[in-house]
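Notes follow once the structure below has been shown.
Note: hydrogens, waters and symmetry copies are ignored here, and every other heavy atom, side chains too, is used.
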There are 2 protein chains.
Amino acid sequence: MANISDVAKKANVSVATVSRYLNESGYVGKKSRAAIECAIKELNYTPSEVARSLSTKQSDLIGLIIPDIKNPFFPELARAVEDTAFKYGYTVILCNSDENVEKEQHYLQTLSKKYVAGIILTSIIDSDKHNNEFNIPMVALDRPLDLDIPTVTTDNQKGSKLGTDYLIQSGATSILCLTGPTTLSSTKLRLDGFLQAIEGRQIETHIIESPYDFEAAQQIVFEYIQGHPDINGIFAFSDASAIGALKAAHRLGKKIPEQLQIVGFDGTQMGEVVTPSLTTVAQNIYKLGEAATEMLIQQIEGKTILNVSKCIDPQLYIRETTRKEST
Amino acid sequence: MANISDVAKKANVSVATVSRYLNESGYVGKKSRAAIECAIKELNYTPSEVARSLSTKQSDLIGLIIPDIKNPFFPELARAVEDTAFKYGYTVILCNSDENVEKEQHYLQTLSKKYVAGIILTSIIDSDKHNNEFNIPMVALDRPLDLDIPTVTTDNQKGSKLGTDYLIQSGATSILCLTGPTTLSSTKLRLDGFLQAIEGRQIETHIIESPYDFEAAQQIVFEYIQGHPDINGIFAFSDASAIGALKAAHRLGKKIPEQLQIVGFDGTQMGEVVTPSLTTVAQNIYKLGEAATEMLIQQIEGKTILNVSKCIDPQLYIRETTRKEST
DNA sequence: TTGAAAGCGATACCAT
DNA sequence: ATGGTATCGCTTTCAA
């Protein structure tokens with residue numbers, strides 16, 4: 001492959017001039033410009049990003065670290081990040097931390113060695129020294145890092161209240177709240193929202209924890225409902241667990257939504273696909289990814305470490321696992 | 001961040017020695033080794049991948065180009081690729097071509113500028129000059145590139161025959177074959193398998209095309225079944241379209257599997273989640289990704305351009321959208 | 001407007 | 001066993 005000095009030679013100018021032309025920095029005469037353009041065409045030249053990175057200690061790479069691409073929430077998020085990055089001329093490196101702290105650290109390290117321009121992190125860790133250690137622009141997505149790292153999340157509390165309110169308005173009187181892992185701050189916020197909605201009303205509540213996993217949730221709910229057949233509403237903190245609950249209810253012969261209503265959280269495509277389709281508190285996943293990416297790029301290009309965080313409103317998708325509202 | 005010459009100075013050796021130590025190439029004395037190790041610790045040094053890449057014209061980056069991460073087949077594939085790459089010390093750059101030829105070309109170009117070690121490509125394009133143009137190790141995944149590029153695919157024909165046979169054995173007599181985009185070679189192969197299974201039997205067949213998209217398939221099937229209420233079996237070339245068909249059947253009040261049986265293709269998690277759960281021809285997605293990655297790494301490290309292709313056997317997952325076999 | 005030359009941080013060849 | 005140094009391909013002063 002041709003390099004910059006081949007181009008310079010062929011165009012009868014210096015590499016410096018070619019570089020200036022490439023980066024639109026500094027003056028380049030008309031004749032030189034034409035000659036360079038011609039040479040580039042002929043040689044089919046494209047600059048080496050690697051050499052450029054070495055020189056500038058910068059790159060157009062954005063690292064995206066997520067816990068698990070197989071959880072349907074994340075592909076949609078990844079797609080949004082990728083689209084946005086592409087729009088601004090960046091390329092995404094996707095890393096699966098696998099819900100594993102060491103793997104997360106490993107990737108953080110690897111990415112920094114590659115001079116990535118910035119990192120979007122959906123971390124497992126609650127609090128740490130990400131920022132100090134690597135001093136690379138960062139944005140926390142979905143799961144806040146309680147440092148000075150800007151964060152983009154859904155308004156979890158509001159969403160949870162929204163969903164629970166609707167469930168109650170639709171007639172649920174004995175509700176099972178299927179939370180997420182208690183280590184996640186989003187779980188705490190969603191629980192707050194749930195409790196807020198319950199408060200002062202005559203609702204029997206059961207609160208149990210479940211991973212955001214279809215199979216596991218199914219098992220947990222299956223057993224729990226057997227012991228508590230009076231439950232007529234389930235509010236789950238993810239679509240995956242809501243769908244697990246749905247499956248469990250089917251197995252128990254419960255009629256949905258007549259005997260048991262279910263509301264999920266996330267708004268993934270899976271919720272549309274199941275039968276009956278899932279009523280859910282939808283996060284604006286695309287916007288989440290887009291906002292995070294834009295905030296990151298702003299940091300990268302503006303060299304500003306912003307300290308704003310962004311909280312995006314969720315929206316209720318009313319579908320078939322709840323009864324028509326009847327106050 | 002510290003660099004190699006900082007380490008050399010602190011350890012009182014030359015950069016060459018440090019480099020040798022780092023790469024385990026050539027001799028390094030015990031004392032030097034100890035001194036270097038110590039210096040590295042103290043300075044918290046990690047070598048710059050970028051500088052290394054510039055020097056060696058190599059990197060540990062593997063590019064993975066897929067059409068759409070939101071199609072549930074691909075996250076599972078991506079995960080397999082990533083896991084395997086990680087195991088061998090490579091990092092994956094994920095790119096969405098968005099079923100768009102230009103974007104695919106763009107990414108191919110971008111990746112080559114970054115000196116990626118190799119590329120795994122799930123291409124949209126049938127035939128082209130990928131290999132010549134970039135001369136980077138490549139493996140085609142799922143969708144063959146009809147060049148000398150090694151390919152990993154599922155045995156589509158066999159799978160299709162397997163699924164159709166089962167559908168017929170379960171009692172379907174009037175079958176709708178819901179194909180994929182006819183531009184894909186896998187579609188042709190699956191169609192072959194279908195026709196082979198049908199041959200010589202008293203089966204009424206309807207063949208129509210559908211994109212691998214839940215919504216679109218739903219609409220297509222809804223309309224078609226209305227006009228052909230005698231259809232009692234559907235063989236779809238993807239889980240996504242099978243699930244669309246399932247949904248359409250529900251809307252039409254068809255009882256599944258009593259009145260209408262459905263078999264999908266892919267074996268994604270979505271098939272488990274729906275109710276009734278989907279009988280499907282499962283591709284061994286993990287193995288597909290793993291094999292492709294291993295073949296690529298073999299090419300990269302062995303410097304051999306292998307010309308073998310790998311065809312992986314599919315497997316029938318018998319679930320609830322078909323009746324128990326009754327010859 | 002342009003060019004020479006010093007980095008950027010590693011590798012690897014050639015001496016010693 | 002170790003060190004000096006050219007080299008990878010580009011950016012970026014500084015002079016001219």
Side-chain angles (χ1 to χ4, degrees), chain A residues 1-37 39-40 43-61 109-117 136 301, chain B residues 1-40 43-61 89 109-117 134 136:
Chain A
M1 251 213 201
N3 64 26
I4 196 171
S5 77
D6 295 335
V7 174
K9 257 172 230 155
K10 178 147 245 154
N12 263 311
V13 296
S14 72
V15 294
T17 306
V18 178
S19 175
R20 257 179 264 128
Y21 166 82
L22 255 21
N23 300 288
E24 293 166 323
S25 59
Y27 298 101
V28 178
K30 296 226 162 187
K31 287 172 192 170
S32 305
R33 164 166 277 112
I36 291 170
E37 276 164 1
I40 287 178
L43 294 168
N44 198 269
Y45 165 77
T46 47
S48 153
E49 288 296 331
V50 173
R52 184 174 263 168
S53 284
L54 179 59
S55 211
T56 60
K57 298 198 160 214
Q58 276 254 358
S59 79
D60 62 355
L61 256 26
Q109 183 111 329
T110 303
L111 290 175
S112 89
K113 282 199 283 191
K114 295 198 192 307
Y115 296 146
V116 292
I136 290 177
E301 297 185 347
Chain B
M1 252 213 199
N3 64 24
I4 196 171
S5 76
D6 295 335
V7 174
K9 257 171 230 155
K10 179 148 245 154
N12 264 313
V13 297
S14 72
V15 294
T17 305
V18 178
S19 176
R20 257 178 266 126
Y21 166 83
L22 255 22
N23 300 288
E24 293 166 326
S25 59
Y27 299 101
V28 178
K30 296 228 161 183
K31 285 171 193 168
S32 304
R33 164 166 276 112
I36 291 170
E37 276 164 0
C38 182
I40 286 178
L43 294 168
N44 197 268
Y45 165 78
T46 48
S48 154
E49 288 296 332
V50 174
R52 183 173 263 169
S53 284
L54 180 59
S55 213
T56 60
K57 299 201 161 214
Q58 276 255 356
S59 78
D60 62 355
L61 257 24
Q109 182 111 330
T110 303
L111 291 174
S112 89
K113 281 199 283 190
K114 294 197 194 308
Y115 296 147
V116 292
F134 298 102
I136 290 177

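Considering only side-chain atoms of B/Asn23, the nucleotide from C/dA4, D/dG9, C/dT11 that sits closest is C/dT11. Side-chain proximity of B/Ser48 to C/dA10, D/dT12, C/dC8: nearest is C/dA10. The side chain of B/Val13 lies closest to D/dG3, out of D/dG3, C/dC8, D/dT11. Relative to the side chain of B/Asn3, the nucleotides C/dA10, D/dT11, D/dT2 differ in distance, and C/dA10 lies closest. When distances run from any side-chain atom of B/Ala16 to the nucleotides C/dA12, D/dC10, C/dG9, the shortest one goes to C/dA12. Checked against D/dT11, C/dA4, C/dA12, the side chain of A/Ser14 finds its nearest nucleotide in C/dA4. Among the nucleotides C/dT11, D/dT2, C/dC8, the one closest to any side-chain atom of B/Ser55 is C/dT11.
B/Asn12 comes within 4.0 angstrom of the backbone, heavy atoms only, and of no base. The residue B/Thr56 sits close only to the backbone: its heavy atoms come under 4.0 Å of sugar-phosphate atoms, none of a base. Contact annotation for B/Ser32: backbone-only contact, meaning every heavy-atom pair under 4.0 Å involves sugar-phosphate atoms and none involves a base. No engagement by B/Val18 is indicated, since no non-hydrogen atom pair under 4.0 Å with the nucleic acid exists. Nucleic acid contact for A/Tyr45: sugar-phosphate only, since backbone atoms but no base atoms lie under 4.0 Å from a heavy atom of the residue.
The minimum heavy-atom distance between B/Tyr27 and B/Arg20, with the atom names listed, is O-NH1, 3.2 Å. Closest heavy-atom contact between A/Ser59 and A/Lys114: OG-O, 4.3 Å. For A/Tyr45 against A/Asn3, the heavy-atom pair with the smallest separation is CE1-C, 3.5 Å. Across B/Pro47 and A/Lys113, no two heavy atoms sit closer than the pair O-CD, 3.1 Å. Residues B/Val15 and B/Ile4 come closest through the heavy atom pair O-CD1, 3.9 Å.
For the pair A/Lys114 NZ and C/dC8 C1', the interatomic distance rounds to 17 Å; values are reported in whole Å. Protein atom CZ of B/Arg20 is 12 Å distant from nucleotide atom P of C/dC13, rounded to whole Å. Put simply, CZ on B/Arg52 is 5 Å from P on C/dT11, counting in whole angstrom units. The nearest whole Å value for the distance from the CD atom in A/Glu49 to the C1' atom in D/dG9 is 12 Å. Taking atom CZ of residue A/Arg33 and atom C1' of nucleotide C/dT2, one finds them 13 Å apart after rounding to whole Å. Look at OH on A/Tyr115: it is 15 Å from P on D/dT11, rounded to the nearest Å. Note: CG (B/Leu54) to C1' (D/dA6) measures 13 Å, nearest angstrom. Taking atom NZ of A/Lys31 as the reference point, atom P of C/dT2 lies 10 Å away to the nearest angstrom.
The side chain of A/Lys30 contributes no N or O atom lying less than 4.0 Å from OP1 or OP2 of C/dT1. Taking only side-chain nitrogens and oxygens, A/Lys57 never comes nearer than 4.0 Å to OP1 or OP2 of D/dT11.
Not one N or O on the side chain of A/Ser5 forms a donor-acceptor pair closer than 3.5 Å with the backbone of A/Ala8.
Both A/Val28 and B/Pro47 lie near DNA chain C, and the one whose nearest nucleotide falls closer to the 5' end is A/Val28. Closest-nucleotide positions on DNA chain D for B/Val15 and B/Ala51 were compared, and the one nearer the 5' end corresponds to B/Val15. Summary of the strand contacts: A/Ala2 and B/Tyr27 both lie near DNA chain D, and taking for each the nucleotide with the nearest heavy atom, the more 5' one is attributed to B/Tyr27.
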